[in-house]
Amino acid sequence: MSTYTSDFLNILSSRGYIHQCSDAAGLDALAAKGDVTAYIGFDCTAPSLHVGSLVQIMMLYWLQQSGNKPIALMGGGTTRVGDPTGKDESRKLLSLEDIENNKRGIQDVFSKFLTFGSGKTDAVMVDNAEWLTKLNYIDMLRDVGRHFSINRMLAMDSVKLRLDRESEFSFLEFNYMILQSYDFTVLAQRYGCNLQMGGSDQWGNIINGVDLGRRMGTQQLFALTTPLITLASGAKMGKTAQGAVWLNADMRSPYDYWQFWRNTEDADVGRFLRLFTTLPLDEVKRLEVLAGAELNEAKKVLANAATALLHGDDAAAAAAETARKTFEEGASAAGLPTVSVDLAGGVGVLAALVQAGLAASNGEARRAIQGGGIRVNDEAVKDDKLVLTAADVRDGSIKLSHGKKKHVLLKQQ
RNA sequence: GGGAGAAUGUCCCGAGUGGCAAAGGGGGGGGACUGUAAAUCCCCUGCUUUACGGCUUCGUAGGUUCGAGUCCUACUUCUCCCA
């Protein structure tokens with residue numbers, strides 16, 4: 001709530017990005033002069049980032065907009081070790097090719113939000129594999145390891161939590177924060193980086209980096225974390241029926257991305273407008289006080305703005321139009337997903353539902369029909385033996401719906 | 001190396017006296033009410049073209065039994081304690 005002199009911190013704080021900051025006044029002074037170079041690390045565990053990382057990306061965006069320099073750090077090296085956080089057994093090590101592919105998929109997203117180049121405020125992308133893979137264990141211990149106090153690390157919340165829970169805490173995991181701290185000092189030395197940002201869970205790791213920097217004689221380093229973004233209902237953000245909300249268009253279409261934002265809970269609209277769009281705050285304040293059904297207008301603004309940031313204005317407009325036709329006119333809009341089917345001999349609804357991806361098995365499809373959730377051309381299906389033929393085609397396709405929101409157009413092969 | 005305990009419905013947690021397709025949650029899906037929201041209520045949530053039918057499920061592999069998630073043996077993995 002305090003006021004800063006720098007645009008950067010003012011924007012971040014008024015939009016709700018700041019959870020903790022190590023030395024706000026010192027950072028503020030640097031930011032006011034445009035002397036902040038900040039990085040955020042992204043692991044290459046999937047071929048695309050998802051909305052969970054969007055807060056971080058937006059911070060880099062504002063950093064650049066306010067005249068400072070962003071660094072997007074690809075975790076090409078750290079991903080090889082694999083962040084072992086999370087106790088599930090799915091911690092399979094990724095192959096080097098996978099990591100490379102994932103890295104390529106992730107990189108594209110940043111160009112939508114940041115301007116890259118070699119100018120003062122141009123963004124830079126680096127991969128920590130560049131230095132981490134060349135590390136020599138003995139040298140590492142002598143140069144870096146001696147600065148880490150086990151006593152202090154054991155006192156860290158993240159570590160204590162694991163020890164208290166009596167769950168295993170591997171050496172690998174214990175080392176993760178050392179690698180991350182080391183990244184920070186390398187970036188500080190090579191690129192003059194002086195700020196690391198991240199989610200609130202990263203606080204301990206980032207602070208360790210700040211400390212290591214001091215011990216190794218870098219310039220003063222700073223830490224800044226964002227609050228954990230959850231939904232008003234308490235659920236984790238970004239999880240939907242179809243899985244994670246990916247940012248890459250080939251993994252989640254702009255239409256579905258738009259729908260994700262359109263379905264935001266009422267209580268989240270204002271917060272999300274601040275975090276995930278660049279709308280002026282006056283406009284946000286006007287929108288978030290809308291009550292009842294009127295709030296839907298604010299959700300459309302949110303969906304349009306967020307989709308436009310990622311996929312561009314045209315894609316956002318197209319998604320909005322498809323949604324309008326589908327939901328407000330009940331028509332089958334051309335923008336819906338399409339599946340080719342051979343209608344010549346007739347296709348059973350059950351099979352059609354499975355082929356269209358609206359049901360995982362015939363049994364599930366049948367249950368959906370029994371529950372009254374399936375419609376063909378907007379007419380409820382009661383008989384699971386119904387056969388779809390060319391006679392059901394309207395305007396070139398058959399509209400198959402599961403529930404209110406999932407629609408697929410069937411087209412003759 | 002020694003000792004103790006655990007693995008259940010391929011999303012998660014979790015009950016389970018030898019008769020079990022297996023309790024209960026969470027999550028997810030559908031319906032009602034609404035505003036493509038939340039909350040609430042109802043239904044569904046292993047596969048199989050109906051099924052009181054068939055098939056496949058309780059870490060893996062064998063065994064005992066008419067019958068095994070449940071008992072026995074070996075193995076695997078995980079956790080904790082001691083060294």
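Per chain, numbering begins at 1; letters A, B, ... match sequence-line order.
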### Query
If the P atom of B:U60 is compared with that of B:A68, how far apart are they to the nearest Å?
16 Å
### Message
For B:C78, give the paired nucleotide (Watson-Crick: N1-N3 plus N6-O4 or O6-N4; G-U: N1-O2 and O6-N3; both under 3.5 Å), or none.
### Response
B:G5
### Task
Return the residues of residues 296-319 of chain A meeting this criterion: a heavy atom under 4.0 Å from some atom of RNA chain B. Order them by number, or give none.
A:Asn296, A:Lys299
### Nearest-Å distance once atom P is located in both B:A51 and B:C44
14 Å
### Task
Not counting sequence neighbours, list each pair that qualifies as a ring pair (Phe, Tyr, Trp, His ring centres under 6.0 Å) and has a residue in residues 340-387 of chain A.
none
### Query
How far, in whole Å, is B:U8 from B:U77 if one measures between their C1' atoms?
16 Å
### Query
How close or far is atom C1' of B:G30 from atom CG of A:Leu353, stated in whole angstroms?
13 Å
### A:Ala360 or A:Gln259, whichever maps to the more 5' nucleotide of RNA chain B
A:Gln259
### Message
Syn or anti for B:C20? Use the chi torsion, O4'-C1'-N9-C4 for purines and O4'-C1'-N1-C2 for pyrimidines, with syn inside 90° of 0.
### Response
syn
### Query
Just wondering, are more than 12 heavy atoms of other shown residues or ligands nearer than 6.0 Å to NZ in A:Lys112?
yes
#### Entry: d(CD1, A:Ile369; P, B:G30) in whole Å
14 Å
### Query
Who pairs with A:Lys405 by side-chain contact (heavy atoms from CB on, under 4.5 Å), at least two apart in sequence or on another chain?
A:Asn263, A:Phe327
### Message
What's the gap between B:G54 and B:C75 when it is taken at their C1' atoms, as a whole Å value?
### Response
33 Å
### Task
Keeping to residues at least two apart or across chains, list the side chain to side chain donor-acceptor pair (under 3.5 Å) pairs with something in residues 126-138 of chain A.
A:Thr78-A:Asn128, A:Lys103-A:Asp127, A:Asn128-A:Asp183, A:Glu130-A:Arg190, A:Trp131-A:Asp183
### Task
Starting from P on B:G35, measure out to CG on A:Asp266 and report it in whole angstrom.
12 Å
### Pairwise P distance, B:A22 and B:U10 [rounded to whole Å]
14 Å
Quick test: give all pairs of protein nitrogen or oxygen and nucleotides 42-47 of chain B nitrogen or oxygen below 3.5 Å, distance rounded to 0.1 Å.
residue	atom	partner	partner atom	Å
B:C47	OP1	A:Ser361	OG	3.1
B:C47	OP2	A:Arg367	NH2	2.5

#### Entry: Base-pairing mate for B:U17 - Watson-Crick or G-U, with both contacts under 3.5 Å
none
### Query
Do the ring planes of A:Phe276 and A:Trp261 sit parallel (below 30°), tilted (30 to 60°) or perpendicular (above 60°)?
tilted
### Message
If I take atom CG in residue A:Asn263 and atom C1' in nucleotide B:A37, what distance separates them, rounded to the nearest angstrom?
### Response
8 Å
### Message
Any carboxylate oxygen within less than 4.0 angstrom of a Lys/Arg side-chain nitrogen, looking at A:Lys300 and A:Glu294?
### Response
no
#### Entry: Pairwise C1' distance, B:A61 and B:G53 [rounded to whole Å]
31 Å
#### Entry: Spacing of the C1' atoms in B:G69 and B:C80 (rounded, Å)
25 Å
### Query
Could you give the CD-to-P distance, from A:Glu265 to B:G35, as a whole number of Å?
18 Å
### Query
For A:Gln189, what residues pass the side chain to side chain donor-acceptor pair (under 3.5 Å) criterion, not counting sequence neighbours?
none
### Message
Could you work out, with side chain to side chain donor-acceptor pair (under 3.5 Å) as the rule, every residue matching A:Thr278, not counting sequence neighbours?
### Response
none
### Message
By the ring pair (Phe, Tyr, Trp, His ring centres under 6.0 Å) test, which pairs, at least two apart or in different chains, include something from residues 288-313 of chain A?
### Response
A:Tyr257-A:His311
### Query
Whom does B:U40 pair with, Watson-Crick or G-U wobble, provided both distances fall under 3.5 Å?
B:A32
### Message
Does the structure show a Watson-Crick or G-U wobble partner for B:U10, both distances under 3.5 Å? Name it, or say none.
### Response
none
### Task
State plainly whether the residues A:Glu288 and A:Arg271 are in salt-bridge range, i.e. N to O under 4.0 Å.
no
### Query
If you look at every strand shown and take non-hydrogen atoms under 4.0 Å, does A:Gly292 touch a base, only sugar-phosphate, or nothing?
base
### Query
Which part of the nucleic acid, if any, lies within contact of A:Gln370, taking any heavy atom under 4.0 Å across all strands shown: a base, the sugar-phosphate backbone alone, or nothing?
nothing
### Query
Nearest-Å distance, NZ (A:Lys405) to P (B:G31)?
10 Å
### Query
In Watson-Crick or G-U wobble terms, both distances under 3.5 Å, what is the partner of B:C52?
none
### Summary
Checking B:U49, B:G35, B:G29 against the side chain of A:Ala293 (C-beta onward), the nearest is B:G35
### Task
Write down the distance between CG (A:Asp383) and P (B:U49), rounded to a whole number of angstrom.
15 Å
### Inter-nucleotide C1' distance (B:U70, B:A7), Å rounded
14 Å
### Query
Just how far, in rounded Å, is P of B:U50 from NZ of A:Lys385?
7 Å
## Note on the structure
For A:Tyr39, the side chain to side chain donor-acceptor pair (under 3.5 Å) test, sequence neighbours excluded, returns A:Gln196
### Summary
A:His402 has its side chain closest, among B:G29, B:U50, B:A37, to B:G29
